[in-house]
Number of protein chains: 2
Amino acid sequence: MNKVPAKAIVADEDNGVDFGPLPQMLGYQIRQAQTAVFRDFAAIMSELETSPGEFGLLTLIGNNPGISQVRLAAIYRLDKSTLSLTVSGLVKRGLVRRTRSKVDQRYYGLWLSNSGRATLRKVRERVDAQERAMDAVLRPGEREHLLDMLQRIAGAFSD
Amino acid sequence: MNKVPAKAIVADEDNGVDFGPLPQMLGYQIRQAQTAVFRDFAAIMSELETSPGEFGLLTLIGNNPGISQVRLAAIYRLDKSTLSLTVSGLVKRGLVRRTRSKVDQRYYGLWLSNSGRATLRKVRERVDAQERAMDAVLRPGEREHLLDMLQRIAGAFSD
DNA sequence: TATTGTTATACTCTATAACTATA
DNA sequence: TATAGTTATAGAGTATAACAATA
């Protein structure tokens, strides 16, 4: 039994399936693209054990040292309880430090540890490679246009 | 300067927060757009109790009457166990009928019930409204270009 | 009273593995 | 042996509500 390339199998299996209006729907195609990128992300991160969400949080903490959890939750669009759990995981893995604010002891300040910075650098390399993989199917100028349109769409539904 | 770019609004709301390289990353912006659309979908579906995934499945079943579960799982990129659970839910809600194939009794054929067709029509109205909301932030021709780019990106990772 | 953060709990979506029934 | 489908189980990721500590 000859092995057929995976892509050909998919195309072959899709043969004769009617997707109806789905391919023309932005909601559907955005979701398809997102799950494809997400799956690939998980695969390339198998060694570093970092999720897309954690990558985003590490980046934000790195760029905003001392940021509080409520602030981070607000800009990342997560409930503070969800953020608390995720940050606790990062703290347990030694990537993030949490320090009580001196001026208002209700606040934590979040900071990357040296280990967190090192991990972020390695994750960043793989993320950049993934971005280049996307550039490979885009023509010059298309990335900027795509980013702009996606931002407009997210903005259309924000609150 | 007739209109304020979306980015300026975001920057204003998130006053003082440095997003670093995230806004220039396709992975990040696709995810942001997807979660925004998903959240809105859940909100407008509160009455009809239908998820984006269920909408996609109902559409595919409606356009491919008698399709089997493995086939549906393959084209929708879900494990057959996941699909089994989701379809069971649709069957329990009376939206989908499952009939054993006469020629090969291992197979089920999936069909929309009358109730399923009616529900799909109502869901479709709301989904179409959501699509028009996205069109409101896009210029002529941009939808087609965006769909094309998203398809290319999903294709870049589908092996 | 209001705000920051934690914890208990639960829900959704997903996959892996073991299973049954059929081929 | 191979395939279609189910079930048991588990793991992300997320939210709500009740709570403690601080202001």
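Quick note on labels: first sequence line is chain A, next is B, and so on, each numbered from 1. What you are looking at is a predicted structure, and each value in this text was computed from that prediction instead of being measured.
Note that the CZ atom of A/Arg139 and the CZ atom of B/Arg152 stand 4.5 Å from one another [nearest 0.5 Å].
Here B/Leu78 lies in heavy-atom contact (under 4.0 Å) with sugar-phosphate atoms only.
B/Leu110 places its CG atom 13 Å from the P atom of D/dA4, with the value rounded to the nearest Å. Here D/dA23 presents its P atom at 12 Å from NZ of A/Lys102, a figure rounded to the nearest Å. The separation between B/Arg100 atom CZ and D/dA4 atom P is 12 Å, rounded to whole Å. In this entry the distance linking OH of A/Tyr76 with C1' of D/dA15 reads 17 Å, nearest Å. As a whole-Å value, the separation of A/Lys80 NZ from D/dT16 C1' is 11 Å. Residue A/Leu85 contributes atom CG, which lies 8 Å from atom C1' of C/dT7 at whole-angstrom precision. Note: CG (B/Asp79) to C1' (D/dT6) measures 12 Å, nearest angstrom. Atom OH of B/Tyr107 and atom P of D/dA2 are 15 Å apart (whole Å).
Of the possible polar contacts, none joining the A/Arg117 side chain to the A/Gly62 backbone as a donor-acceptor pair under 3.5 Å is found.
C/dA15 shows a glycosidic angle more than 90° from 0 and is accordingly assigned anti.
Heavy atoms only, all atoms of each residue included: B/Ala154 and A/Ala33 are closest at CB-CA, 4.0 Å.
Side-chain atoms of A/Ser81 come within donor-acceptor range of the base of D/dT16, with a qualifying N/O pair under 3.5 Å.
Closest-nucleotide positions on DNA chain C for A/Thr35 and A/Arg106 were compared, and the one nearer the 5' end corresponds to A/Arg106. With DNA chain D read from its 5' end, the first of the two nearest nucleotides for B/Val70 and A/Ser101 is the one closest to B/Val70. Mapping B/Gly109 and A/Pro52 onto DNA chain D by nearest heavy atom places B/Gly109 closer to the 5' end of the strand.
The phosphate of D/dA15 has OP1 or OP2 within less than 4.0 Å of a side-chain N or O from A/Thr82. Remark: B/Arg98 is not in phosphate contact with D/dA4, judged by side-chain N or O atoms under 4.0 Å from OP1 or OP2. Contact annotation: B/Arg77 side-chain N/O to C/dA15 OP1/OP2 distance is not under 4.0 Å. Taking 4.0 angstrom as the limit, B/Gln69 places a side-chain polar atom (N or O) nearer than this to OP1 or OP2 of D/dT6. Under 4.0 angstrom from either OP1 or OP2 of C/dT12 there lies no side-chain N or O belonging to B/Ser51.
Taking a cutoff of 4.0 Å between a charged side-chain nitrogen and a carboxylate oxygen, B/Arg132 and B/Asp128 do not qualify as a salt bridge.
Taking the centre and axis of the six-membered ring of A/Tyr107, the NZ or CZ atom of A/Arg100 falls outside the cone set by 45° and 6.0 Å.
Across all strands shown, D/dA12 forms no Watson-Crick or G-U wobble pair with both distances under 3.5 Å. Shown here, D/dA18 forms a base pair with C/dT6; the pair counts as Watson-Crick or G-U wobble because both key distances fall under 3.5 Å.
Inspection of the B/Arg98 and B/Gln69 side chains reveals an N or O donor paired with an N or O acceptor under 3.5 Å.
Closest to the side chain of A/Gln105, out of C/dA23, D/dA23, D/dG5, is D/dA23.
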